[in-house]
Amino acid sequence: MQELDFDVVIVGSGLAGLSAALRLAPTHRVALLTKRAIEDGSSQWAQGGIAAVLGEGDSFEAHVHDTFIAGAGLCAPDATRLVVEQAPECIAWLRALGVAFSLEEGQLHLTREGGHSERRIVHAQDATGAAVQRTLIDAVHATPGITVFEQHTLVDLITARKLGHLGQACLGLYALDQASDTVRTFRAPHTILATGGAGKVYLYTTNPDTSTGDGIAAAWRAGCRVANMEFIQFHPTCLYHPHAKSFLISEAVRGEGGRLVLPAALGGERFMPRHDERAELAPRDVVARAIDFEMKKHGLDCVYLDISQRSPEFLHEHFPNILAHCAGLGIDITREPIPVVPAAHYTCGGVLTDLHGRTDLRGLYAIGEAACTGLHGANRLASNSLLECMVFAQAAAQSIAAAPAGERLVLPAWDDSRVQDADEAVVISHNWDELRRFMWDYVGIVRTNKRLERAMHRIALLKSEIHEFYGQFHVTRDLLELRNLVQVAELIVRSAQARHESRGLHFSRDWPELAAPAAPTILVPGGA
């Protein structure tokens, strides 16, 4: 099949990918690949909002300070300051595109979330991600310079080294076209990975089915370093209900007075003040561990989040989507508490980048949740993630615009002449299920050396089985996603084993204290 030639290929249609495409389209021919529909990225699910210093009495210094505190000493100062200082401009850019943020008396309504010392969360009611995505998707469809390829799954990056050339460079990629069931070749001097995180490596997650760590795994295979993969943020309050899949209860519910309580059978006692003086407004890692502790102590399936002290009018105005979703499941949040459990939510680590989104490979960029810029440190501060997507999308676009035109080599077509159709797809579904279960049990909110050893042993077995399967059979999206999840699982466990302390989102019973000095965990392909 003929190769497709572009100036920039972007993988991923969340806020990072869409923002980069819109920034680049006036001057570059952009291909935007997404493995399902364009609307299916994680950004669509973001409820809370976007952090920006816009209120009276707030300051960049305060936002930086709050980010540092949440990040447990591991935030990169230059990345943090870059993101915080560009936040107001990013909000203005979104408003100019037409995003309808919530207003109060004609001004942006700012809410507060856990870990923030001020009200600085710009939001569109309780469905900010969806409002932003809709606006940007419409803008992308209206932009002639962007070609959207839906149902295209990243198979692997094409590097100069793989083709026998000198130098570390990315020349394009292979992607599986679901419609034709063929692997297509995309050639471009610049490739941006905006593929999101890897929440689907865990049994319980707030992430959509697309969050399988594709960009992180592909970059690692291509020779890029990854960093801080042990820091998986578990959202403290995912709705617990047999008919609710991955629905999270926004941080803003706690910011507006929601209280975490034990079941009525145990007296309905509020428990967060026992764990932290900030109570429900403590950072997510603290809240998630407190819930985990109470659930294990009392043998509970869930705890409860109670916002019923607020008026029905307030809840209808501020949390209409949460109220409606819960009502559809028979839960009236104006009168009763919401059953919640922690769930894997955000991958704080990722492909190591600089302040322009550049990776170790020339021509390859990573932005958004797939990247590790240093902003989040050991724990992401609420509502900094959508902001990071936009800031680094712009930084990557500026870097690409300033880059000299690279040589365009002829790339080989994908060769599947020696493979056959898989006759036992059950192997994929079984391995997927096994991986997610042992990652939840052994590499979850609380870890031990023994649990990590057990996880790594099982990963080695799965990796061998999947490698054999990958080499023999025609690739499918399920196989590609499983291959990537197993690779990401290994990176998470290796990073966790390398950190001999408890810091931020990584809590080990064998290493309960902080170690000095604070340092990132950086893994190098080939073990160097």
Side-chain angles (χ1 to χ4, degrees), residues 8-25 30-50 90 93-95 97-101 123-154 175-179 192-200 205-215 235 238-239 244-248 250 320-322 324-325 328 345-347 367-370 383 385-390 393 477-478 480-481 484:
V8 185
V9 175
I10 301 172
V11 190
S13 63
L15 180 55
L18 295 173
S19 297
L22 289 169
R23 298 280 193 185
L24 286 160
V30 178
L32 182 70
L33 277 60
T34 181
K35 65 179 175 179
R36 286 176 174 75
I38 194 171
E39 300 89 357
D40 287 339
S42 286
S43 300
Q44 178 82 10
W45 296 40
Q47 293 178 345
I50 304 171
C90 288
W93 182 70
L94 290 176
R95 296 187 79 184
L97 286 172
V99 177
F101 289 115
H123 62 104
Q125 294 182 324
D126 59 346
T128 306
V132 171
Q133 284 288 95
R134 278 195 303 271
T135 303
L136 266 62
I137 288 168
D138 288 345
V140 163
H141 283 318
T143 303
I146 303 171
T147 306
V148 177
F149 294 86
E150 293 186 313
Q151 308 297 331
H152 277 65
T153 302
L154 173 63
L176 173 65
D177 176 6
Q178 198 78 8
I192 300 176
L193 297 173
T195 49
K200 295 299 284 188
T205 176
T206 64
N207 291 180
D209 292 339
T210 53
S211 298
T212 51
D214 302 342
H235 196 288
C238 185
L239 179 61
K245 181 184 178 183
S246 307
F247 187 80
L248 65 87
S250 169
N321 292 285
I322 294 172
H325 192 89
H345 183 57
Y346 192 87
T347 308
I367 58 176
E369 194 174 351
S383 291
S385 51
L386 293 180
L387 176 58
E388 182 190 37
C389 287
M390 290 185 289
R477 186 168 66 194
D478 286 347
L480 293 171
E481 290 180 337
N484 291 332

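Panel note: side chain Lys35, backbone Leu154; no donor-acceptor pair is recorded below 3.5 Å. Of the possible polar contacts, none joining the Ser211 side chain to the Ala198 backbone as a donor-acceptor pair under 3.5 Å is found. No donor-acceptor pair closer than 3.5 Å links the side chain of Glu39 to the backbone N or O of Gln133. Although no hydrogens or angles enter the test, the distance criterion places a donor-acceptor pair under 3.5 Å between the side chain of Thr195 and the main chain of Gly215. Of the possible donor and acceptor atoms, one in the side chain of Asp40 sits under 3.5 Å from a partner among the backbone N and O of Ala37. Asn484 places no side-chain N or O within 3.5 Å of a backbone atom of Thr212 that could act as its donor or acceptor partner.
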Next on the checklist: Before you tell me yes or no, could you show the steps for His235 and Thr206 under side chain to side chain donor-acceptor pair (under 3.5 Å), namely the whole-Å CA-CA distance, both residues' side-chain angles and the distance that decides it to 0.1 Å?
Outcome noted: CA-CA 8 Å; His235 196 288; Thr206 64; over 6 Å; no
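Scanning for side chain to side chain donor-acceptor pair (under 3.5 Å) contacts around Ser19 gives an empty result, with sequence neighbours left out.
Closest approach of Asp209 and Arg36 over heavy atoms only: O-NH1, 4.3 Å. The two residues Leu33 and Ala175 come nearest to each other via the heavy atoms CD2-CB, 3.7 Å.
Taking 4.5 Å as the limit, every side-chain heavy atom of Leu32 sits out of range of all side-chain heavy atoms of Val11. The side-chain heavy atoms of Ile192 and Val9, taken from C-beta on, include no pair separated by under 4.5 Å. The shortest side-chain heavy-atom distance between Lys200 and Glu481 does not fall under the 4.5 Å cut-off. Considering only heavy atoms from C-beta on, Asp214 stays 4.5 Å or farther from Leu480 through its side chain. Taking 4.5 Å as the limit, every side-chain heavy atom of Leu239 sits out of range of all side-chain heavy atoms of Leu248. Looking at heavy atoms from C-beta onward, Ser250 lies in side-chain contact with Ile322 at the 4.5 angstrom threshold.
In this structure, Phe247 and His325 have parallel ring planes: the angle between them is below the 30° cut-off, well short of the 60° mark.
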Show me, pair by pair, the donor-acceptor contacts under 3.5 angstrom made by side chains of residues 139-153, not counting sequence neighbours?
residue, atom, partner, partner atom, Å
Thr143, OG1, Ala139, O, 2.6
Glu150, OE2, Ile38, N, 2.7
Gln151, OE1, Arg477, NH1, 3.2
His152, ND1, Glu150, O, 2.8
His152, NE2, Arg184, NH1, 3.2

